[in-house]
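As the structure is a computational prediction, the values presented were derived from the model and not from experiment. Throughout, a chain's letter reflects where its sequence line sits, starting with A, and its residues are numbered from 1.
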Amino acid sequence: MPELPEVETIKRSLHPKLVGRKIRDCEIFYEKCIKTHAPEKFINGVRGATIENIERRGKYLKIFLNTAEILLIHLRMTGRLIISPKGDPVTKHTHVIFHLDNDLQLRFIDIRKFGTLYLLPGEELHKVRGYRILGPEPFGEEFTLEYFKKAVKERKKNIKTLLLDQDVVAGIGNIYADEILHAAGINPARPAESLNGNELEKLYHSIKRELKKGIENRGTSFSDYVDGEGRKGKNQDYLSVYHRQGCNCSRCGCEIIKTKLGGRSSHYCPGCQE
DNA sequence: GGAGTTGTTCCGCC
DNA sequence: AGGCGGAACAACTC
């Protein structure tokens, strides 16, 4: 499940392979993943373009083309972007192939076909709702403690669900939300408005710390995730609660519980998350 | 073949 | 009006 640390790791691994390269051609095997154009139009839009830069915003990847258009990609649950030599066999679930001007290809692979690709002029990014509503980047200047306190206070929904709202802060998904709340010692079911100043401050710092740890470990390869060169991350070896139900909490020794919250699996320690 | 999986979006309610 | 919870949806694996 690519969340901010995974998408950041993919961006870093693709950057040296893609920037400066020209897209010689493009093949689409599953048309529904292209959200902005008919397939032929999409192909015409990328063919011949040179890749100038790659950035991440929330869980989105932005590939800047010299045509002033941006290739915007969201991997959702199981999407992968992989650099492959052109001779490599095309595996099942490969939906789009970008042929580069060397012997490499960029392949979009997605078992569940939830991932989405958009091609649009830079000034039209806001037309993609999920992109438009994104809140501040957790490592950006806008994401201050003051901003965070204001965004959370007087909200009645539980704090776990609020952390997953991309308009509060961009990039947190189910794994890191559980890890962040454990690190901060806060029960995921707590109404956001019930958190005091001290707890909000702990939570704020835990968001930054856990996401940073995820990036340093090059992502969490719990099931499908690999980076742009097919390498797994190692953050799954350092998780405190996610998918650790039945194990003992490393902080207090209590048994980790798995519940449902807002329709999502939620893992926490009943001993030290109050 | 039903349950489980998650990020996003929609809808109805208060 | 806007926040909220719940459901729908994407499609596959086991």
Return yes if a side-chain donor-acceptor contact under 3.5 Å exists between [X] and [Y], otherwise no.
| X | Y | answer |
| --- | --- | --- |
| Tyr176(A) | Lys213(A) | no |
| Thr144(A) | Tyr204(A) | no |
| His95(A) | Asp110(A) | no |

Rounded to whole Å, please give me the gap between [atom1] in [X] and [atom2] in [N].
| X | N | atom1 | atom2 | answer |
| --- | --- | --- | --- | --- |
| Phe114(A) | dT9(B) | CZ | P | 14 Å |
| Glu6(A) | dT6(B) | CD | P | 13 Å |
| Tyr225(A) | dT6(B) | OH | P | 18 Å |
| Arg132(A) | dT8(B) | CZ | P | 14 Å |
| Asp110(A) | dC12(C) | CG | P | 10 Å |
| Lys59(A) | dT6(B) | NZ | P | 11 Å |
| Met77(A) | dT5(B) | CE | C1' | 4 Å |
| Lys156(A) | dG2(C) | NZ | P | 17 Å |

Sub-4.0 Å heavy-atom contacts from residues 167-179 of chain A onto DNA chain B, ordered by number: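 Heavy-atom cutoff 4.0 Å gives Gly173(A), Asn174(A).
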Determine the contact category for [X]: base if any of its heavy atoms lies under 4.0 Å from a base atom, sugar-phosphate if only primed atoms, P, OP1 or OP2 are that close, otherwise nothing.
| X | result |
| --- | --- |
| Tyr131(A) | nothing |
| Thr116(A) | nothing |
| Glu193(A) | nothing |

Enclosure of Lys127(A) NZ (heavy-atom neighbours >12, cutoff 6.0 Å):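 Open.
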Residue Glu123(A) excluded, over 12 heavy atoms near CD under 6.0 Å: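 Yes, enclosed.
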Is the phosphate of [N] approached by [X] (side-chain N or O, under 4.0 Å from OP1 or OP2)?
| X | N | result |
| --- | --- | --- |
| His74(A) | dG7(B) | no |
| Gln166(A) | dG7(B) | no |
| Lys92(A) | dC12(C) | no |
| Ser265(A) | dT6(B) | yes |
| Tyr242(A) | dT6(B) | yes |
| Arg129(A) | dT8(B) | no |
| Lys32(A) | dA10(C) | no |
| His93(A) | dT13(C) | yes |
| Arg112(A) | dT13(C) | no |
| Lys258(A) | dT5(B) | yes |

Steps toward side chain to side chain contact (heavy atoms under 4.5 Å, CB included) verdict (Leu134(A), Tyr60(A)): CA-CA 10 Å; Leu134(A) 289 176; Tyr60(A) 286 90; 4.0 Å; yes
Reference residue His99(A); test side chain to side chain donor-acceptor pair (under 3.5 Å); the match among Glu27(A), Lys86(A), Arg47(A):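 For His99(A), the side chain to side chain donor-acceptor pair (under 3.5 Å) check succeeds only for Glu27(A).
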Residue Arg76(A), side-chain atoms from C-beta onward, closest of dT8(B), dG3(C), dT5(B):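 Closest of the options to the side chain of Arg76(A): dT8(B).
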His243(A) and His267(A) aromatic ring geometry - parallel, tilted or perpendicular at 30°/60° bounds: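 Correct class here is tilted.
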Closest-nucleotide ordering on DNA chain C, the 5'-leading residue of Arg264(A) and Asp165(A):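 Its nearest nucleotide being more 5', the pick is Asp165(A).
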